[in-house]
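Take a look at the structure set out below.
Labels below follow one simple rule: chain letters A, B, ... track the order of the sequence lines, proteins then strands, and each chain is numbered from 1.
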Number of protein chains: 2
Amino acid sequence: MSLACETCPVRDRAACSVLDEAGRDELSRIGRHRTLRAGETLFAAGEATDVCATLIDGALKVTRFDAEGHETILALVHPAGFVGELFQPFSDFDVVALTECRLCVFADRDFDAAIAAHPELARALLRRTQEELHASRAMQSLVMAGSGKARVAALLWKFAESASDSPCHPAARFELPLSRGEMADMLGLTIETVSRQLTALEQEGAIRREGKRGIELLDPARLSHLFD
Amino acid sequence: MSLACETCPVRDRAACSVLDEAGRDELSRIGRHRTLRAGETLFAAGEATDVCATLIDGALKVTRFDAEGHETILALVHPAGFVGELFQPFSDFDVVALTECRLCVFADRDFDAAIAAHPELARALLRRTQEELHASRAMQSLVMAGSGKARVAALLWKFAESASDSPCHPAARFELPLSRGEMADMLGLTIETVSRQLTALEQEGAIRREGKRGIELLDPARLSHLFD
DNA sequence: CGATATCTTGAGCTGGATCAACATACGTGG
DNA sequence: CCACGTATGTTGATCCAGCTCAAGATATCG
(Lines give C-alpha, C1' and ligand atoms only; values in the text may rest on other atoms or scores of the structure.)
Protein backbone atom coordinates (compact mmCIF):
# COMPACT_ATOMS: atom_id res chain seq x y z
CA MET A 1 0.00 0.00 0.00
CA SER A 2 1.44 3.29 -1.10
CA LEU A 3 0.53 5.42 1.86
CA ALA A 4 1.35 3.01 4.65
CA CYS A 5 -1.48 4.18 6.88
CA GLU A 6 -0.55 1.53 9.46
CA THR A 7 2.53 3.46 10.46
CA CYS A 8 1.08 6.95 10.00
CA PRO A 9 1.72 9.01 13.15
CA VAL A 10 -1.61 10.83 12.81
CA ARG A 11 -3.69 7.85 11.80
CA ASP A 12 -5.96 8.18 14.81
CA ARG A 13 -6.29 11.99 14.83
CA ALA A 14 -6.57 13.01 11.18
CA ALA A 15 -9.88 13.32 9.36
CA CYS A 16 -9.35 9.92 7.73
CA SER A 17 -9.28 8.25 11.15
CA VAL A 18 -13.08 8.08 11.11
CA LEU A 19 -12.97 5.68 8.16
CA ASP A 20 -13.07 1.92 8.45
CA GLU A 21 -10.39 -0.33 6.99
CA ALA A 22 -11.96 -0.39 3.54
CA GLY A 23 -12.46 3.36 3.40
CA ARG A 24 -8.90 4.00 4.43
CA ASP A 25 -7.69 1.59 1.78
CA GLU A 26 -9.65 3.53 -0.78
CA LEU A 27 -8.20 6.85 0.33
CA SER A 28 -4.72 5.41 0.35
CA ARG A 29 -5.13 4.54 -3.32
CA ILE A 30 -6.15 8.05 -4.41
CA GLY A 31 -3.65 9.92 -2.22
CA ARG A 32 0.08 10.31 -2.45
CA HIS A 33 2.80 11.44 -0.08
CA ARG A 34 4.67 14.65 -0.52
CA THR A 35 7.37 16.36 1.46
CA LEU A 36 8.04 20.09 1.58
CA ARG A 37 11.23 21.80 2.63
CA ALA A 38 10.89 24.71 5.02
CA GLY A 39 9.73 27.72 3.05
CA GLU A 40 8.29 25.71 0.16
CA THR A 41 4.79 26.58 -1.04
CA LEU A 42 1.93 24.07 -1.18
CA PHE A 43 -0.72 26.40 -2.66
CA ALA A 44 -0.21 29.94 -3.85
CA ALA A 45 -2.85 32.67 -3.91
CA GLY A 46 -4.41 32.98 -7.33
CA GLU A 47 -3.57 29.45 -8.40
CA ALA A 48 -6.18 26.78 -9.01
CA THR A 49 -6.89 24.81 -5.83
CA ASP A 50 -7.05 21.34 -7.29
CA VAL A 51 -5.59 19.49 -4.34
CA CYS A 52 -6.12 19.17 -0.62
CA ALA A 53 -3.98 17.54 2.01
CA THR A 54 -3.64 16.19 5.51
CA LEU A 55 -0.51 17.31 7.33
CA ILE A 56 1.39 14.36 8.77
CA ASP A 57 4.42 16.06 10.18
CA GLY A 58 5.79 19.61 10.45
CA ALA A 59 3.94 22.92 10.39
CA LEU A 60 2.25 25.03 7.71
CA LYS A 61 1.15 28.64 7.66
CA VAL A 62 -1.84 30.11 5.82
CA THR A 63 -0.92 33.62 4.73
CA ARG A 64 -1.90 36.53 2.58
CA PHE A 65 0.23 39.31 1.08
CA ASP A 66 -1.33 42.73 0.71
CA ALA A 67 -0.59 45.10 -2.14
CA GLU A 68 2.48 46.55 -0.39
CA GLY A 69 4.03 43.12 0.08
CA HIS A 70 3.21 42.90 3.78
CA GLU A 71 2.52 39.34 4.93
CA THR A 72 -0.32 38.40 7.27
CA ILE A 73 -0.31 34.93 8.83
CA LEU A 74 -3.94 33.88 9.13
CA ALA A 75 -3.53 30.42 10.60
CA LEU A 76 -1.06 27.74 11.54
CA VAL A 77 -1.65 24.11 10.60
CA HIS A 78 -0.38 21.33 12.84
CA PRO A 79 -0.02 17.58 12.24
CA ALA A 80 -3.39 15.89 11.55
CA GLY A 81 -4.70 19.22 10.24
CA PHE A 82 -6.39 19.47 6.87
CA VAL A 83 -5.83 22.15 4.21
CA GLY A 84 -7.53 22.83 0.94
CA GLU A 85 -10.57 24.64 -0.36
CA LEU A 86 -12.65 21.88 -1.85
CA PHE A 87 -15.30 24.12 -3.34
CA GLN A 88 -13.52 27.24 -4.40
CA PRO A 89 -11.77 27.17 -7.77
CA PHE A 90 -8.93 29.51 -6.79
CA SER A 91 -7.17 30.10 -3.53
CA ASP A 92 -6.89 33.59 -2.07
CA PHE A 93 -4.21 32.55 0.37
CA ASP A 94 -0.75 31.02 0.29
CA VAL A 95 -0.05 27.84 2.22
CA VAL A 96 3.65 27.58 3.02
CA ALA A 97 5.77 25.16 5.03
CA LEU A 98 7.22 26.69 8.18
CA THR A 99 9.37 23.64 8.78
CA GLU A 100 10.07 20.52 6.77
CA CYS A 101 6.72 18.82 6.24
CA ARG A 102 5.25 15.49 5.25
CA LEU A 103 1.77 15.54 3.73
CA CYS A 104 -0.85 13.21 2.37
CA VAL A 105 -2.10 14.92 -0.79
CA PHE A 106 -5.34 14.23 -2.67
CA ALA A 107 -6.82 15.63 -5.85
CA ASP A 108 -9.89 17.70 -4.94
CA ARG A 109 -12.15 15.75 -7.29
CA ASP A 110 -11.04 12.42 -5.86
CA PHE A 111 -11.44 13.63 -2.33
CA ASP A 112 -14.88 15.06 -3.07
CA ALA A 113 -15.88 11.67 -4.41
CA ALA A 114 -14.58 10.05 -1.23
CA ILE A 115 -16.66 12.48 0.81
CA ALA A 116 -19.75 11.50 -1.14
CA ALA A 117 -19.00 7.81 -0.68
CA HIS A 118 -18.18 8.09 3.03
CA PRO A 119 -20.57 10.31 4.98
CA GLU A 120 -18.52 9.98 8.15
CA LEU A 121 -15.61 11.60 6.32
CA ALA A 122 -17.77 14.59 5.40
CA ARG A 123 -18.89 14.87 8.99
CA ALA A 124 -15.32 14.73 10.29
CA LEU A 125 -14.27 17.42 7.86
CA LEU A 126 -17.26 19.53 8.80
CA ARG A 127 -16.26 19.30 12.41
CA ARG A 128 -12.67 20.26 11.64
CA THR A 129 -13.78 23.20 9.52
CA GLN A 130 -16.16 24.47 12.19
CA GLU A 131 -13.31 24.33 14.68
CA GLU A 132 -11.08 26.26 12.32
CA LEU A 133 -13.81 28.84 11.82
CA HIS A 134 -14.09 29.16 15.56
CA ALA A 135 -10.34 29.63 15.90
CA SER A 136 -10.31 32.18 13.12
CA ARG A 137 -13.05 34.20 14.77
CA ALA A 138 -11.32 34.04 18.14
CA MET A 139 -8.17 35.38 16.50
CA GLN A 140 -10.14 38.03 14.70
CA SER A 141 -11.70 39.31 17.90
CA LEU A 142 -8.33 39.33 19.62
CA VAL A 143 -6.73 41.36 16.86
CA MET A 144 -9.67 43.75 16.57
CA ALA A 145 -10.07 44.48 20.24
CA GLY A 146 -6.81 43.66 22.00
CA SER A 147 -3.78 45.84 22.67
CA GLY A 148 -0.32 44.84 21.56
CA LYS A 149 0.47 43.38 24.94
CA ALA A 150 -2.78 41.40 25.01
CA ARG A 151 -2.05 39.92 21.59
CA VAL A 152 1.46 38.85 22.51
CA ALA A 153 0.24 37.39 25.80
CA ALA A 154 -2.52 35.44 24.04
CA LEU A 155 -0.06 34.03 21.51
CA LEU A 156 2.32 32.96 24.26
CA TRP A 157 -0.59 31.28 25.99
CA LYS A 158 -1.56 29.43 22.84
CA PHE A 159 1.99 28.18 22.36
CA ALA A 160 2.21 27.18 26.00
CA GLU A 161 -1.00 25.18 25.65
CA SER A 162 0.08 23.37 22.51
CA ALA A 163 3.49 22.65 24.03
CA SER A 164 1.80 20.96 26.98
CA ASP A 165 0.59 17.37 26.73
CA SER A 166 -2.48 17.96 28.87
CA PRO A 167 -4.85 20.15 26.90
CA CYS A 168 -6.01 23.44 28.43
CA HIS A 169 -3.04 23.51 30.77
CA PRO A 170 -0.11 25.59 29.60
CA ALA A 171 3.40 24.19 29.75
CA ALA A 172 5.51 26.00 32.34
CA ARG A 173 8.42 26.14 29.93
CA PHE A 174 8.55 25.91 26.15
CA GLU A 175 10.30 27.03 22.99
CA LEU A 176 8.67 29.58 20.71
CA PRO A 177 7.94 27.84 17.40
CA LEU A 178 8.05 31.14 15.48
CA SER A 179 10.53 33.92 14.93
CA ARG A 180 9.72 37.46 16.09
CA GLY A 181 8.84 38.37 12.53
CA GLU A 182 6.43 35.45 12.19
CA MET A 183 4.81 36.32 15.51
CA ALA A 184 4.43 39.91 14.33
CA ASP A 185 2.81 38.71 11.10
CA MET A 186 0.35 36.58 13.09
CA LEU A 187 -0.62 39.41 15.41
CA GLY A 188 -0.74 42.34 13.01
CA LEU A 189 2.14 44.03 14.82
CA THR A 190 5.74 44.85 13.97
CA ILE A 191 8.84 42.92 15.03
CA GLU A 192 9.84 45.79 17.28
CA THR A 193 6.51 45.86 19.11
CA VAL A 194 6.56 42.11 19.70
CA SER A 195 10.07 42.38 21.09
CA ARG A 196 9.16 45.31 23.33
CA GLN A 197 6.06 43.57 24.68
CA LEU A 198 8.11 40.49 25.50
CA THR A 199 10.57 42.61 27.47
CA ALA A 200 7.69 44.35 29.19
CA LEU A 201 6.13 41.01 30.15
CA GLU A 202 9.48 39.88 31.48
CA GLN A 203 9.95 43.06 33.51
CA GLU A 204 6.46 42.66 34.97
CA GLY A 205 7.47 39.19 36.12
CA ALA A 206 4.93 37.34 33.98
CA ILE A 207 7.55 35.43 31.99
CA ARG A 208 11.27 34.81 31.82
CA ARG A 209 13.19 34.55 28.55
CA GLU A 210 15.90 31.98 28.00
CA GLY A 211 17.86 32.79 24.90
CA LYS A 212 15.93 33.94 21.85
CA ARG A 213 13.18 31.36 21.88
CA GLY A 214 12.90 29.89 25.34
CA ILE A 215 9.98 31.09 27.49
CA GLU A 216 9.22 30.24 31.09
CA LEU A 217 5.81 31.16 32.50
CA LEU A 218 6.48 32.65 35.92
CA ASP A 219 2.98 34.01 36.49
CA PRO A 220 0.41 32.37 34.19
CA ALA A 221 -2.48 34.17 35.87
CA ARG A 222 -0.98 37.58 35.19
CA LEU A 223 -0.47 36.56 31.57
CA SER A 224 -3.94 35.20 30.98
CA HIS A 225 -5.79 38.09 32.57
CA LEU A 226 -4.34 40.35 29.86
CA PHE A 227 -6.68 38.85 27.30
CA ASP A 228 -10.19 37.35 27.41
CA MET B 1 -46.47 20.10 7.26
CA SER B 2 -45.26 22.35 10.01
CA LEU B 3 -42.48 24.15 8.22
CA ALA B 4 -44.18 24.76 4.90
CA CYS B 5 -40.98 24.32 2.90
CA GLU B 6 -42.96 24.76 -0.33
CA THR B 7 -43.37 28.47 0.34
CA CYS B 8 -39.98 29.01 2.00
CA PRO B 9 -38.21 31.97 0.37
CA VAL B 10 -34.79 30.35 0.76
CA ARG B 11 -35.83 26.82 -0.18
CA ASP B 12 -33.45 26.71 -3.14
CA ARG B 13 -30.47 28.45 -1.51
CA ALA B 14 -30.34 27.12 2.05
CA ALA B 15 -28.34 24.05 3.05
CA CYS B 16 -31.50 21.95 3.06
CA SER B 17 -32.04 22.68 -0.65
CA VAL B 18 -29.70 19.81 -1.52
CA LEU B 19 -32.15 17.32 -0.01
CA ASP B 20 -34.74 15.44 -1.99
CA GLU B 21 -38.46 15.56 -1.16
CA ALA B 22 -38.22 12.81 1.46
CA GLY B 23 -35.20 14.33 3.17
CA ARG B 24 -36.82 17.74 3.34
CA ASP B 25 -39.94 16.17 4.81
CA GLU B 26 -37.80 14.57 7.46
CA LEU B 27 -36.08 17.86 8.33
CA SER B 28 -39.39 19.65 8.43
CA ARG B 29 -40.54 17.25 11.14
CA ILE B 30 -37.55 17.83 13.43
CA GLY B 31 -37.36 21.61 12.92
CA ARG B 32 -39.57 24.42 14.09
CA HIS B 33 -39.99 28.04 13.14
CA ARG B 34 -38.97 30.87 15.37
CA THR B 35 -39.07 34.62 15.02
CA LEU B 36 -36.77 37.08 16.73
CA ARG B 37 -37.39 40.77 17.29
CA ALA B 38 -34.53 43.12 16.45
CA GLY B 39 -32.00 42.93 19.26
CA GLU B 40 -33.16 39.54 20.54
CA THR B 41 -30.50 36.91 21.22
CA LEU B 42 -30.47 33.47 19.60
CA PHE B 43 -27.39 32.09 21.36
CA ALA B 44 -25.38 33.75 24.10
CA ALA B 45 -21.70 33.22 24.80
CA GLY B 46 -21.18 30.66 27.55
CA GLU B 47 -24.53 28.98 27.09
CA ALA B 48 -24.92 25.45 25.82
CA THR B 49 -25.22 25.34 22.04
CA ASP B 50 -27.94 22.76 21.72
CA VAL B 51 -29.59 24.19 18.62
CA CYS B 52 -28.66 25.32 15.16
CA ALA B 53 -30.69 27.22 12.60
CA THR B 54 -31.13 28.35 9.04
CA LEU B 55 -31.98 32.01 8.64
CA ILE B 56 -35.06 32.51 6.48
CA ASP B 57 -35.49 36.24 6.69
CA GLY B 58 -33.76 39.19 8.36
CA ALA B 59 -30.15 39.54 9.49
CA LEU B 60 -28.09 38.21 12.40
CA LYS B 61 -24.76 39.26 13.83
CA VAL B 62 -22.14 37.01 15.44
CA THR B 63 -20.42 39.02 18.15
CA ARG B 64 -18.11 38.84 21.11
CA PHE B 65 -17.80 41.17 24.10
CA ASP B 66 -14.37 41.65 25.62
CA ALA B 67 -13.73 42.17 29.32
CA GLU B 68 -14.29 45.96 29.08
CA GLY B 69 -17.70 45.48 27.48
CA HIS B 70 -16.54 46.42 24.01
CA GLU B 71 -18.45 44.59 21.27
CA THR B 72 -16.77 43.08 18.22
CA ILE B 73 -18.98 41.98 15.32
CA LEU B 74 -17.32 38.92 13.81
CA ALA B 75 -19.78 38.08 11.06
CA LEU B 76 -23.15 38.92 9.60
CA VAL B 77 -25.60 36.18 8.64
CA HIS B 78 -27.97 36.68 5.73
CA PRO B 79 -31.06 34.72 4.64
CA ALA B 80 -30.22 31.10 3.73
CA GLY B 81 -27.23 31.27 6.06
CA PHE B 82 -26.67 28.66 8.74
CA VAL B 83 -25.68 29.26 12.36
CA GLY B 84 -24.76 26.89 15.13
CA GLU B 85 -21.75 25.04 16.43
CA LEU B 86 -22.72 21.41 16.04
CA PHE B 87 -19.69 19.97 17.75
CA GLN B 88 -18.80 22.41 20.47
CA PRO B 89 -20.73 22.12 23.74
CA PHE B 90 -20.67 25.86 24.56
CA SER B 91 -20.68 28.91 22.39
CA ASP B 92 -18.00 31.57 22.72
CA PHE B 93 -19.99 34.10 20.73
CA ASP B 94 -23.36 35.78 20.87
CA VAL B 95 -25.72 35.51 17.92
CA VAL B 96 -28.15 38.42 17.91
CA ALA B 97 -30.87 39.61 15.53
CA LEU B 98 -30.02 42.90 13.81
CA THR B 99 -33.52 43.12 12.38
CA GLU B 100 -36.68 41.12 12.88
CA CYS B 101 -35.82 37.55 11.84
CA ARG B 102 -37.50 34.32 10.87
CA LEU B 103 -35.52 31.14 11.46
CA CYS B 104 -35.80 27.42 11.02
CA VAL B 105 -34.43 25.96 14.27
CA PHE B 106 -33.20 22.40 14.89
CA ALA B 107 -31.92 20.62 17.95
CA ASP B 108 -28.23 19.87 17.43
CA ARG B 109 -28.68 16.16 18.11
CA ASP B 110 -31.51 15.88 15.60
CA PHE B 111 -29.61 17.80 12.99
CA ASP B 112 -26.49 15.72 13.53
CA ALA B 113 -28.58 12.62 12.96
CA ALA B 114 -29.93 14.18 9.75
CA ILE B 115 -26.37 14.83 8.62
CA ALA B 116 -25.49 11.20 9.21
CA ALA B 117 -28.56 10.05 7.32
CA HIS B 118 -28.10 12.46 4.40
CA PRO B 119 -24.50 12.75 3.18
CA GLU B 120 -25.42 15.50 0.75
CA LEU B 121 -26.51 17.63 3.68
CA ALA B 122 -23.15 17.19 5.36
CA ARG B 123 -21.43 18.14 2.13
CA ALA B 124 -23.58 21.25 1.72
CA LEU B 125 -22.84 22.31 5.26
CA LEU B 126 -19.15 21.65 4.76
CA ARG B 127 -19.18 23.89 1.72
CA ARG B 128 -20.99 26.65 3.62
CA THR B 129 -18.58 26.40 6.54
CA GLN B 130 -15.53 26.53 4.27
CA GLU B 131 -16.95 29.65 2.68
CA GLU B 132 -17.52 31.21 6.08
CA LEU B 133 -13.98 30.33 7.09
CA HIS B 134 -12.75 31.97 3.93
CA ALA B 135 -14.78 35.10 4.64
CA SER B 136 -13.54 35.19 8.22
CA ARG B 137 -9.93 34.98 7.09
CA ALA B 138 -10.45 37.67 4.47
CA MET B 139 -11.88 39.93 7.17
CA GLN B 140 -9.05 39.06 9.50
CA SER B 141 -6.42 40.03 6.95
CA LEU B 142 -8.24 43.26 6.17
CA VAL B 143 -8.38 44.24 9.81
CA MET B 144 -4.80 43.21 10.50
CA ALA B 145 -3.23 44.93 7.54
CA GLY B 146 -5.59 47.63 6.31
CA SER B 147 -5.82 51.29 7.32
CA GLY B 148 -9.03 52.79 8.61
CA LYS B 149 -9.93 54.11 5.20
CA ALA B 150 -9.25 50.73 3.57
CA ARG B 151 -11.51 48.98 6.07
CA VAL B 152 -14.39 51.39 5.55
CA ALA B 153 -13.97 51.20 1.77
CA ALA B 154 -13.98 47.40 1.85
CA LEU B 155 -17.12 47.33 3.96
CA LEU B 156 -18.90 49.74 1.61
CA TRP B 157 -17.86 47.51 -1.28
CA LYS B 158 -19.24 44.44 0.44
CA PHE B 159 -22.57 46.15 1.09
CA ALA B 160 -22.68 47.42 -2.49
CA GLU B 161 -22.12 43.89 -3.77
CA SER B 162 -24.80 42.33 -1.61
CA ALA B 163 -27.23 45.12 -2.52
CA SER B 164 -26.74 44.32 -6.20
CA ASP B 165 -28.62 41.48 -7.85
CA SER B 166 -25.75 40.51 -10.11
CA PRO B 167 -23.01 39.01 -7.96
CA CYS B 168 -19.54 40.57 -8.09
CA HIS B 169 -20.93 43.83 -9.42
CA PRO B 170 -21.57 46.51 -6.83
CA ALA B 171 -24.85 48.39 -6.83
CA ALA B 172 -24.35 52.02 -7.81
CA ARG B 173 -26.66 53.14 -5.02
CA PHE B 174 -27.68 51.42 -1.81
CA GLU B 175 -28.67 51.89 1.82
CA LEU B 176 -26.21 51.02 4.58
CA PRO B 177 -27.70 48.12 6.55
CA LEU B 178 -25.76 49.08 9.69
CA SER B 179 -25.46 52.09 11.94
CA ARG B 180 -22.10 53.85 12.31
CA GLY B 181 -21.63 52.10 15.62
CA GLU B 182 -22.25 48.68 14.11
CA MET B 183 -19.87 49.41 11.25
CA ALA B 184 -17.25 50.48 13.78
CA ASP B 185 -17.77 47.23 15.71
CA MET B 186 -17.30 45.23 12.52
CA LEU B 187 -14.11 47.03 11.53
CA GLY B 188 -12.40 47.39 14.88
CA LEU B 189 -12.65 51.18 14.68
CA THR B 190 -14.57 53.86 16.58
CA ILE B 191 -17.75 55.56 15.46
CA GLU B 192 -15.84 58.79 14.96
CA THR B 193 -13.24 57.22 12.70
CA VAL B 194 -15.89 55.56 10.54
CA SER B 195 -17.69 58.87 10.23
CA ARG B 196 -14.50 60.72 9.34
CA GLN B 197 -13.47 58.17 6.73
CA LEU B 198 -16.90 58.42 5.10
CA THR B 199 -16.51 62.19 4.90
CA ALA B 200 -13.01 61.75 3.49
CA LEU B 201 -14.25 59.30 0.84
CA GLU B 202 -16.99 61.76 -0.07
CA GLN B 203 -14.54 64.64 -0.34
CA GLU B 204 -12.27 62.55 -2.56
CA GLY B 205 -15.22 61.99 -4.87
CA ALA B 206 -15.37 58.22 -4.36
CA ILE B 207 -18.88 58.26 -2.89
CA ARG B 208 -21.78 60.58 -2.23
CA ARG B 209 -23.88 60.38 0.93
CA GLU B 210 -27.63 60.81 0.85
CA GLY B 211 -28.96 61.28 4.34
CA LYS B 212 -27.45 59.12 7.08
CA ARG B 213 -27.59 55.77 5.33
CA GLY B 214 -27.78 56.34 1.60
CA ILE B 215 -24.56 55.77 -0.37
CA GLU B 216 -23.94 56.39 -4.05
CA LEU B 217 -20.76 55.00 -5.61
CA LEU B 218 -19.39 57.78 -7.77
CA ASP B 219 -16.01 56.19 -8.44
CA PRO B 220 -16.01 52.44 -7.72
CA ALA B 221 -12.46 52.02 -9.02
CA ARG B 222 -11.09 54.60 -6.60
CA LEU B 223 -12.93 52.83 -3.79
CA SER B 224 -11.78 49.32 -4.61
CA HIS B 225 -8.14 50.17 -5.12
CA LEU B 226 -8.00 51.21 -1.46
CA PHE B 227 -8.10 47.58 -0.38
CA ASP B 228 -6.93 44.27 -1.90
C1' DC C 1 -42.19 71.31 20.27
C1' DG C 2 -38.96 69.35 23.32
C1' DA C 3 -36.53 64.77 24.10
C1' DT C 4 -33.66 61.10 22.76
C1' DA C 5 -30.76 58.75 19.59
C1' DT C 6 -27.64 59.04 15.82
C1' DC C 7 -24.19 61.36 13.33
C1' DT C 8 -20.53 64.86 12.42
C1' DT C 9 -16.71 67.74 13.53
C1' DG C 10 -12.95 69.60 16.33
C1' DA C 11 -8.74 69.37 19.54
C1' DG C 12 -5.51 66.94 21.81
C1' DC C 13 -3.28 62.31 23.34
C1' DT C 14 -1.24 57.90 22.83
C1' DG C 15 0.06 53.26 21.30
C1' DG C 16 2.20 51.28 17.90
C1' DA C 17 4.77 52.20 13.39
C1' DT C 18 8.94 53.81 11.45
C1' DC C 19 13.71 54.81 11.19
C1' DA C 20 18.10 53.92 13.07
C1' DA C 21 21.69 51.97 15.94
C1' DC C 22 23.47 48.27 18.29
C1' DA C 23 23.71 43.36 20.14
C1' DT C 24 23.84 38.50 19.66
C1' DA C 25 23.91 34.10 17.34
C1' DC C 26 25.46 31.32 13.62
C1' DG C 27 27.60 29.74 10.01
C1' DT C 28 31.58 29.65 6.37
C1' DG C 29 35.93 30.07 4.73
C1' DG C 30 40.69 31.59 5.56
C1' DC D 1 40.65 28.58 15.77
C1' DC D 2 39.42 33.16 14.73
C1' DA D 3 37.62 36.88 11.43
C1' DC D 4 33.98 38.14 8.99
C1' DG D 5 29.19 38.28 7.05
C1' DT D 6 24.47 37.50 7.52
C1' DA D 7 20.31 36.80 10.00
C1' DT D 8 17.87 37.71 14.02
C1' DG D 9 16.66 40.24 18.08
C1' DT D 10 16.78 44.43 21.23
C1' DT D 11 16.56 49.21 22.31
C1' DG D 12 16.05 54.20 21.50
C1' DA D 13 13.89 58.42 19.24
C1' DT D 14 10.41 60.32 16.58
C1' DC D 15 6.03 60.38 14.04
C1' DC D 16 1.28 59.69 13.00
C1' DA D 17 -3.31 57.22 12.52
C1' DG D 18 -6.81 56.45 15.19
C1' DC D 19 -8.66 56.95 20.06
C1' DT D 20 -10.67 59.93 23.52
C1' DC D 21 -13.12 63.67 25.11
C1' DA D 22 -16.17 67.35 23.99
C1' DA D 23 -19.40 70.11 21.37
C1' DG D 24 -22.70 70.68 17.75
C1' DA D 25 -25.71 69.02 14.10
C1' DT D 26 -29.48 66.22 12.36
C1' DA D 27 -32.93 63.17 12.57
C1' DT D 28 -37.00 60.73 14.67
C1' DC D 29 -40.81 60.40 17.68
C1' DG D 30 -44.13 61.03 21.39
| field | No-H, no-angle donor-acceptor pair, A:R209 side chain to C:dT24 base, under 3.5 Å | value | no
| task | Identify which nucleotide among D:dC19, D:dT26, D:dG9 has an atom closest to any side-chain atom of B:K212, counting heavy atoms from C-beta outward. | result | D:dT26
| said: Closest approach to the side chain of B:R180, judged atom by atom: which nucleotide of D:dG18, C:dC7, C:dT18 is it? | reply: C:dC7
| query | Of the nucleotides D:dA27, C:dT18, C:dA25, which one has an atom closest to the side chain of A:E192? | reply | C:dT18
| said: With a cut-off of less than 4.0 Å, is there a side-chain N or O of A:T193 near OP1 or OP2 of C:dA17? | reply: yes
| request: Check whether any side-chain N or O of A:T199 sits under 4.0 Å from OP1 or OP2 of D:dT11, and answer yes or no. | output: yes
| task | With the side chain of A:S195 defined as its heavy atoms from C-beta on, choose the nearest nucleotide among D:dT10, D:dT20, C:dG16. | result | D:dT10
| said: Quick check on the 6.0 Å ring-centre criterion: do A:F93 and A:F65 meet it? | reply: no
| query | Could you give the CG-to-C1' distance, from B:L187 to D:dC19, as a whole number of Å? | reply | 15 Å
| query | Is there a side-chain polar atom (N or O) of B:Q197 under 4.0 Å from OP1 or OP2 of D:dG18? | reply | yes
| query | Between atom CG in B:D185 and atom P in C:dT6, what is the gap in whole Å? | reply | 12 Å
| Looking for any heavy atom pair under 4.0 Å, which part of the strands does A:L189 touch: base, sugar-phosphate only, or nothing? | sugar-phosphate
| query | Can you tell me how far the CG atom of A:D12 sits from the OG atom of A:S17, to the nearest 0.5 Å? | reply | 6.5 Å
| Touch class at under 4.0 angstrom, heavy-atom based, for A:S179 against every strand present | sugar-phosphate
| field | Atom pair OG1/CG of A:T193 and A:L187 - distance to nearest 0.5 Å | value | 10.5 Å
| query | If you measure from CG on B:L74 to CZ on B:R64, what distance do you get to the nearest 0.5 Å? | reply | 8.0 Å
| task | May I ask you to evaluate whether A:R196 reaches the phosphate of D:dT10, defined as a side-chain N or O under 4.0 Å from OP1 or OP2? | result | no
| message | What is the separation between atom CD1 on B:I191 and atom C1' on D:dA22, rounded to the nearest whole Å? | response | 14 Å
| said: Working to the nearest 0.5 angstrom, can you tell me the gap between A:T129 OG1 and B:L126 CG? | reply: 5.0 Å
